[in-house]
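These notes are about the structure you will find just below.
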Amino acid sequence: MIPAVAGFNAFRKIRLVQIDGSGRRIYSDFDARYVAYSRNLPSRIHHSIKVQHVGNFFELEFKDWESRDKWRKAHTNVELFEGDVTPLKRVLADNPIHIGKQRRCYLDIETDSRVTPVQAIQGMARILSWAVVDSRGFAFQGCLNEDSNDAETQLLFDLIAALEPYDQVSGWNLDLFDKPVIDERAKLLEVKIPRYWNWIDQLATYKRFNLQVATSGDQKTSFKLGDIAQFEVGEGKSNFKSNRTWEEWAAGGARRRAMLEYNMQDADLLRKIEDKTNYLDMNFTIAQLCNIFPNSHSLKPTAQLDGYLLRLAHEEGFRLPSRIEREETEKAVGAFVSQPTACGILKDVFVADFSSLYPSIIETWNISYDTKLGPNDTGIPFALALNDVRYRTDHVGIIPRVTEEFGKLRTFWKSEKARLIAAGDTAAAKDADRRQNGFKVLRNSVYGILLSEYSRFYDKDLGEAVTRAGQWLIQSIAAEGEKLGYRNLYNDTDGAMFDGCTHGEFLQFVARLNDEYLPAIVSDKGCVTNRVAVDYQEAFERIIFPVNDGEPASKRYIGKFSFYQGRAVTGKVIEIKGMECKRGDSSRLGRRMQLEVIDRLMDGCEDPEIFVQMVETWKTKITTEDIPLEDIVMSKSVKSIETYKTKDVHGREKSLPAQARIAKELIERGENISSGDRVQYVVVNSLKTPMSLIPASDFKGDFDRRYVWERTYQPSMRLLTGAFPNDRNWLHWTIKKPKKKDIPLDNQLKLF
DNA sequence: AACTTTGGCGAGCGGG
DNA sequence: CCCGCTCGCCAA
């Protein structure tokens, strides 16, 4: 196996990079090949297309990307495989290459603050300084000597030299700022940037991996480096004014040194964040498992699965479908979600969960592009999917084969982890843990690519076979529970909640589902092997669904566990789903008040009067006292400004949403706000339509107190209505006039 | 030579 | 006052 740390195009060649014993790069070149595979030889092949047998396929080789593309478009009737694959991906799939360990560094640059960030990424700002830190903490720095092209050229040369010993370069918002700035300046100054680095955006990496871990709303209000560093490593940025880099650089002496220090501090924060989170390491592990280089692109599931599957296909002599450009894809139906069937403080609620529902369905029904039967295919044994599409069962399909493999590899690395921990090898155990988690990530992303229009595996029949089976299974076990006299409270996708039974009864129920019921109903559909199973791991001592407009809401609840991860719980273990306190776009005071209410409710307080007092206290505080800015600002992310709908359905002009109006204003002032960035604003008058707002940075003390109270109270009100639906009129403390239908007379509340 | 999915909630906007 | 729509964010 060749351990390659990087690879890139180099004029009709693909150049792979290896590292020798003394850390020097060794290059090996491969032909850049533009190929496609076909089962049959298409008639009248032009002589410029080279054809040869490869396994059971004909390999068609074209002279370049354009000619392959043109031929594909002109011959859509010919079933071509892997006809989209880039030469680099081809080399990685077809050769005994594995992704070598990366020598990683962290990079941050400072640029001329006199031009806007938007202009800076167009190449209009000089780079004033750079800082590079590596995993061991070794640091390097460069500073512009004078305001001239020659000096900046030297600065870039020095940067290239500093990066030279590394393979992977990480930076915060690297893809949307530092990298484009460097590229543009290098182009302008005619400096050639080597191609052998894997550039990875640490912000994008953080966002991707942080999605999976439970976090509070407070942590989600900002993804600025300083705020994330504060949260992860308890260390913020200094008070250097980053919008005055030019002045500080120009002043020279101590002020210039302060700028350099600030620059270096940021680069070092990147290292500290990684040391804490290991997200870049996690991504490297996944990239390595998939035979792709660990750059920003490697964060995407399509890239990961493509890398893994192209290699597997090459090794085993099958071929993957070509990715085709689609106009637009039809929407597929997804999971089943029910509305909770009860309100109040519900006690002793039991949860049955399907383990790895979608992968287990794929394996059970053998759902794959290569097992799907057409309406005219007869005489072949099949499993019948719930969308009436049949999947042959006489061989295991590629897609289930892969989910199964991911599952087995995960099990293997889990046991390795345990073995290594027992052996006292913590470093290797950590690595094993990353691998088991990597295979979990990969296994769960397989379903996504069946319904992604950008994926070579897109097929609505495959994706819907999965989701409809899921709907059918969850509804089936919900009905089975009801047959036993349990009350089915709520279901979402793969989990069903019941009350009206005991722990022992529920254990038996779940055992019977697994031993008899599920195997029987699945076998009825023609499935040969059953991989579908439910797990009983959680029970709630109490659970509350919030209520809005008299209806309990789906996707939201608070609960206190009595049984968690398969074990009895004695302490206070709380679960909060979907509530405002977990959201980064809710009001800070709303989160605070809601957490206080949740805390009391979960402590077992069932006296509404206590909560009435709590509401009164909060209301007095908010309607009379001073409130700091941080409690008043709203924070939301924005998309790129052109993508907002400016017209309503009748074609009339309509105003943009609040966050977009603020973003637009900030962009006009020259700030660098791009898709995914968050903006902060204060509502000055909520009675106007549209509301009057100001950017948080303009705050001088003027804000709408009524609005702040509504945003604070509503999240708690809905929970209190859920807990005590008939004891109080919780609308009493709202400021906007209550609607008639909201007056909570018993006969007007549905469902209970 | 680059984009995992659908379901659902609540805020805000504006028309009828 | 009600409703349909968009948007951001979360559950799975």
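Proteins get letters first, then strands, A, B, ... in listed order; numbering begins at 1 in each.
- Contact annotation: Ser655(A) side-chain N/O to dG14(B) OP1/OP2 distance is under 4.0 Å.
- The phosphate of dG16(B) has OP1 or OP2 within less than 4.0 Å of a side-chain N or O from Arg652(A).
- Nearest to the side chain of Ser554(A), among dA12(C), dC9(B), dC13(B), sits dC9(B).
- Spacing between atom CD of Glu330(A) and atom C1' of dT6(B) amounts to 15 Å, rounded to whole angstrom units.
- Checked against dA1(B), dA12(C), dG8(B), the side chain of Asn9(A) finds its nearest nucleotide in dA1(B).
- Here Glu575(A) lies out of heavy-atom contact (under 4.0 Å) with every strand.
- For dT4(B), neither phosphate oxygen OP1 nor OP2 lies less than 4.0 angstrom from any side-chain nitrogen or oxygen of Asn444(A).
- At least one side-chain nitrogen or oxygen of Gln659(A) sits closer than 4.0 Å to the OP1 or OP2 atom of dG8(C).
- Counting any heavy atom pair closer than 4.0 Å across all strands shown, Ala332(A) reaches sugar-phosphate atoms only and no base atom.
- Residues that satisfy the salt bridge (charged side-chain N to carboxylate O under 4.0 Å, His left out) test with Lys13(A), not counting sequence neighbours, are Asp31(A).
- Close to dA11(B), at under 4.0 Å from its OP1 or OP2, lies a side-chain N or O of Arg718(A).
- A cation-pi contact, defined as under 6.0 Å to the ring centre and within 45° of the axis, is absent between Lys440(A) and Phe406(A).
- The ring pair (Phe, Tyr, Trp, His ring centres under 6.0 Å) search around Phe457(A) returns Tyr369(A), not counting sequence neighbours.
- For residues 351-362 of chain A, the side-chain hydrogen bond (donor to acceptor under 3.5 Å, both in side chains) pairs, not counting sequence neighbours, are Ser356(A)-Arg443(A).
- Here Gly334(A) lies in heavy-atom contact (under 4.0 Å) with sugar-phosphate atoms only.
- In the set dC13(B), dC9(B), dA12(C), dA12(C) carries the atom at the smallest distance from any side-chain atom of Tyr557(A).
- One atom, CZ of Arg706(A), and another, P of dA11(B), lie 16 Å apart when rounded to the nearest Å.
- Taking both residues in full, the closest heavy atoms of Asn283(A) and Asn295(A) are given as OD1-O, 4.3 Å, listed atom of the first, atom of the second, then distance.
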Are any protein N/O atoms closer than 3.5 Å to N/O atoms in nucleotides 3-6 of chain C? If there are, list each pair with its distance.
none

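- Closest of all the heavy-atom pairs between Ile694(A) and Ile662(A) is C-CD1, 3.7 Å.
- Proximity note for Glu580(A) (side chain, C-beta onward) versus dA1(B), dG10(B), dC9(C): the nearest is dG10(B).
- At the heavy-atom level, Lys555(A) lies under 4.0 Å from base atoms of the strands shown.
- A straight line from OH of Tyr490(A) to C1' of dC9(B) spans 11 Å, rounded to a whole angstrom.
- Distances from the side chain of His297(A) to the nucleotides dA12(C), dA2(B), dT5(B) place dA2(B) closest.
- Within 4.0 Å of Arg556(A), counting heavy atoms only, lie sugar-phosphate atoms of the nucleic acid but no base atom.
- Among the atoms of the strands shown, only primed sugar atoms or phosphate atoms (P, OP1, OP2) are found under 4.0 Å from some heavy atom of Arg678(A).
- If you measure from atom CD of Glu538(A) to atom C1' of dA11(C), you get 13 Å, rounded to the nearest angstrom.
- Backbone-only engagement by Val333(A) is indicated by non-hydrogen atom pairs under 4.0 Å involving sugar-phosphate atoms exclusively.
- Checking the phosphate oxygens (OP1, OP2) of dC13(B), a side-chain nitrogen or oxygen of Arg661(A) falls inside 4.0 Å.
- Between Met691(A) atom CE and dC7(C) atom C1' the separation is 13 Å, expressed in whole Å.
- Heavy atoms of Ser637(A) sit under 4.0 angstrom from primed sugar atoms or phosphate atoms, though from no base atom.
- In terms of the side chain to side chain donor-acceptor pair (under 3.5 Å) criterion, Asn548(A) has no residue partners (sequence neighbours excluded).
- Comparing dA1(B), dT4(B), dA11(C) against the side chain of Lys300(A) picks out dT4(B) as the nearest.
- The interatomic distance linking Phe11(A) (CZ) with dA1(B) (P) rounds to 17 Å, in whole Å.
- Listed by chain and number, the residues in a side chain to side chain donor-acceptor pair (under 3.5 Å) with Arg583(A) are Asp585(A) (sequence neighbours excluded).
- Annotation: ring pair (Phe, Tyr, Trp, His ring centres under 6.0 Å) contacts of Phe177(A) (sequence neighbours excluded): none.
- Asp69(A) comes within 4.0 angstrom of no nucleic acid atom, judged by non-hydrogen atoms across all strands.
- Note on Asp648(A) versus Lys654(A): no salt bridge recorded, every NZ/NE/NH1/NH2 to OD/OE distance being 4.0 Å or above.
- Residues from residues 450-468 of chain A with heavy atoms under 4.0 angstrom of DNA chain C: there are none.
- Comparing dG12(B), dG15(B), dG8(C) by their closest approach to the side chain of Tyr707(A) singles out dG12(B).
- Rounded to an integer number of Å, the gap from Arg583(A) CZ to dG8(B) C1' is 10 Å.
- Listed by first then second residue, pairs satisfying salt bridge (Lys or Arg N to Asp or Glu O under 4.0 Å) with a partner in residues 211-224 of chain A read Asp218(A)-Arg591(A), Asp218(A)-Arg592(A), not counting sequence neighbours.
- A gap of 22 Å separates the P atoms of dT4(B) and dA12(C), to the nearest Å.
- A cation-pi arrangement is found for Arg68(A) relative to Trp65(A), the charged atom lying closer than 6.0 Å to the ring centre and inside a 45° cone about the ring normal.
- The phosphate of dC9(C) (OP1 or OP2) has no side-chain N or O of Lys220(A) nearer than 4.0 angstrom.
- Rounded to whole Å, the distance from CG on Asp549(A) to P on dC2(C) is 9 Å.
- Comparing Asp648(A) and Arg711(A) by the nucleotide of DNA chain B whose heavy atom lies nearest to each, the residue mapping closer to the 5' end is Arg711(A).
- Both tests pass for Arg711(A) against the ring of Tyr707(A): distance under 6.0 Å to the centre and angle within 45° of the axis.
- Between Thr302(A) and the phosphate of dT4(B), there is a side-chain N or O to OP1/OP2 separation shorter than 4.0 Å.
- Residue contacts for Gly495(A): at a heavy-atom cut-off of 4.0 Å it reaches no nucleic acid atom on any strand shown.
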